[in-house]
Number of protein chains: 2
Amino acid sequence: MGRRGLTRSEIIDATWDLAAQRGLAAVTMRSVAEQLDVTPMALYRHIGDKQGLLDGLVERLHGEIPIPDAALPWRERLTLLAGGIRAVARKHPDLFPLLFHRPAVTPAAQRPRETAYAALREAGLAEDDVVRAERLLSTFILGFAASEAGGRFGRLDAEAEYAYAAGLIEMILTK
Amino acid sequence: MGRRGLTRSEIIDATWDLAAQRGLAAVTMRSVAEQLDVTPMALYRHIGDKQGLLDGLVERLHGEIPIPDAALPWRERLTLLAGGIRAVARKHPDLFPLLFHRPAVTPAAQRPRETAYAALREAGLAEDDVVRAERLLSTFILGFAASEAGGRFGRLDAEAEYAYAAGLIEMILTK
DNA sequence: ACCTGAACACCGTTCAAGT
DNA sequence: ACCTGAACACCGTTCAAGT
């Protein structure tokens, strides 16, 4: 005990490790503080309250989404992006629903979005449609990934469903 | 105190009222028990554990979705169904994300789904496509409603986004 | 400015006991 | 069979105090 120089990013690091290893339920002010060898109250100055801890997790979650190589064809970039988001959902099923609870305006959230914008522009969409289509795609992918990771799909074949959806989206983008 | 003849549905009723009036955070074993004038431990025999309480809320949430008149044209039925789901999300923003966490296999979940099936059949889809399209639509609507109610869309115009999505879906269904 | 110690008002759940 | 009482092992957060 008695540490000094605690920083926000150090706290969020510890929070992320705890969540990744022992699940969201294991993330408490007390457990995070213990991991950092400080008292729970030491956290408040740096992260506000527990919601601040969760906001940090949302940032990290966005940062986990792999950004596909810009040299690849746009279709492949979109497919890889969607696949990456599903993979994040499967790896962090309990954290993933947090993405619905905050506007995706942080820098970490911007990178996947800009990647999608660029791909949709290359696909030939008008600038207005690019923004709308990105929201449609991200909403669908988020809903799909959350359904899959959360168990809403039950025992059914998510892969076949995903292929069907991808086919229709492909049709829209190349109409 | 000292009540007898406690039933599951009575417990879920009290849970729903509490959640609707004071939010999901106010739903605790203790607060539900207090509302029913029993001790918290009396609930366990009837609902299992706290997850059982939440499962009850998911049922009620499905039951809140208004079922459109079967005599209406299929397009209108789908539009009304989607609008009804969004309305439920807006009315119960904190409860709504619970829908992602359980397979939608309860009787209450079946009614909206059967309504969508019937409309999609009338739209002329093959039986296999009816099932897949329903999942696509429900996933999108759920993701959209959760984004809107949870705040992921931030200050942007959800209505314009919804209209854009509806237009594309319309295009798919009548391709 | 930054961290601690003690306290407050809560949680879900188990277990033995009562009727 | 059904409910209670007491207890256990936790929570987030406030507030005054220390350095």
Side-chain angles (χ1 to χ4, degrees), chain A residues 1-60 92-95 97-98 101-102 150-151, chain B residues 1-60 92-95 97-98 101-102 150-151:
Chain A
M1 309 262 179
R3 294 211 25 210
R4 297 265 152 169
L6 201 59
T7 64
R8 182 187 128 91
S9 82
E10 190 184 3
I11 293 170
I12 302 300
D13 281 345
T15 307
W16 176 259
D17 290 346
L18 213 53
Q21 284 160 31
R22 297 213 283 270
L24 186 59
V27 174
T28 69
M29 298 297 282
R30 288 168 144 93
S31 65
V32 171
E34 192 182 12
Q35 197 127 357
L36 292 165
D37 211 27
V38 291
T39 60
M41 294 67 71
L43 305 177
Y44 281 83
R45 183 172 312 270
H46 301 281
I47 50 94
D49 58 6
K50 195 182 176 187
Q51 183 60 56
L53 236 44
L54 300 182
D55 286 346
L57 290 182
V58 170
E59 284 170 38
R60 289 285 199 284
H92 309 284
D94 51 345
L95 266 43
L98 292 175
H101 294 280
R102 301 270 134 186
Chain B
M1 311 265 177
R3 294 211 24 208
R4 298 266 151 168
L6 202 57
T7 64
R8 183 187 127 90
S9 83
E10 190 185 3
I11 294 170
I12 303 300
D13 281 346
T15 307
W16 176 259
D17 290 347
L18 214 51
Q21 284 160 30
R22 296 213 283 270
L24 186 58
V27 173
T28 68
M29 297 298 281
R30 286 168 144 93
S31 64
V32 171
E34 192 181 13
Q35 197 126 357
L36 293 164
D37 211 26
V38 290
T39 61
M41 295 67 71
L43 305 178
Y44 281 82
R45 182 172 312 270
H46 301 282
I47 51 94
D49 58 6
K50 194 181 177 188
Q51 184 60 58
L53 236 44
L54 301 182
D55 286 345
L57 290 182
V58 170
E59 284 170 38
R60 289 285 201 282
H92 309 284
D94 52 344
L95 266 41
L98 293 174
H101 294 280
R102 300 271 135 186

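We name chains A, B, ... by the order of the sequence lines, and we start the count at 1 in each one. All values below come from the heavy atoms of this structure, side chains included, with hydrogens, waters and symmetry mates left out.
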Can you tell me how far the [atom1] atom of [X] sits from the [atom2] atom of [Y], to the nearest 0.5 Å?
{"X": "A:Arg30", "Y": "A:Met41", "atom1": "CZ", "atom2": "CE", "result": "8.0 Å"}
{"X": "A:His92", "Y": "A:Arg60", "atom1": "NE2", "atom2": "CZ", "result": "11.5 Å"}
{"X": "B:Arg22", "Y": "B:Asp17", "atom1": "CZ", "atom2": "CG", "result": "10.5 Å"}
{"X": "B:Asp13", "Y": "B:Thr7", "atom1": "CG", "atom2": "OG1", "result": "7.5 Å"}
{"X": "A:His46", "Y": "A:Leu53", "atom1": "NE2", "atom2": "CG", "result": "12.5 Å"}

Looking at residues 41-57 of chain A, who's got a heavy atom less than 4.0 Å off DNA chain C?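 By residue number: A:Met41, A:Ala42, A:Arg45, A:His46.
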Given D:dT4, D:dG12, D:dA7, identify the nucleotide with an atom nearest to the side chain of B:Val38.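 Shortest atom-to-atom distance from the side chain points to D:dT4.
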Considering only side-chain heavy atoms of B:Leu6, which listed nucleotide, D:dA7, C:dC3, D:dC3, is closest?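 Selected nucleotide: D:dC3.
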Note, [X] side chain near [Y] side chain (heavy atom, < 4.5 Å):
{"X": "A:Arg102", "Y": "A:Gln51", "result": "yes"}
{"X": "B:Leu43", "Y": "B:Leu6", "result": "yes"}
{"X": "A:Thr15", "Y": "A:Ile47", "result": "no"}
{"X": "A:Trp16", "Y": "A:Glu59", "result": "no"}

For atom C1', what is the distance between C:dA1 and D:dA17, given to the nearest Å?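 Those two atoms are separated by 15 Å.
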For nucleotides D:dA9 and C:dA9, find the distance between their P atoms and express it as a whole number of Å.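 Rounded to whole Å, the distance is 23 Å.
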How many Å lie between [atom1] on [X] and [atom2] on [N], as a whole number?
{"X": "B:Arg22", "N": "C:dC10", "atom1": "CZ", "atom2": "P", "value": "12 Å"}
{"X": "A:Met29", "N": "C:dC10", "atom1": "CE", "atom2": "C1'", "value": "16 Å"}
{"X": "B:Leu24", "N": "C:dC11", "atom1": "CG", "atom2": "P", "value": "13 Å"}
{"X": "B:Arg30", "N": "D:dC8", "atom1": "CZ", "atom2": "C1'", "value": "11 Å"}
{"X": "A:Leu36", "N": "C:dC2", "atom1": "CG", "atom2": "P", "value": "16 Å"}

For DNA chain D, produce a single dot-bracket line, 5' to 3'. Pairs: Watson-Crick or G-U wobble, both distances under 3.5 Å. Symbols: ( ) within strand, [ ] crossing, | other strand, . unpaired. ||.|||||...|||||.||
Phosphate contact (C:dC11 OP1 or OP2) by B:Thr28 side-chain N/O below 4.0 Å: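 Yes, because at least one side-chain N or O of B:Thr28 sits under 4.0 Å from OP1 or OP2 of C:dC11.
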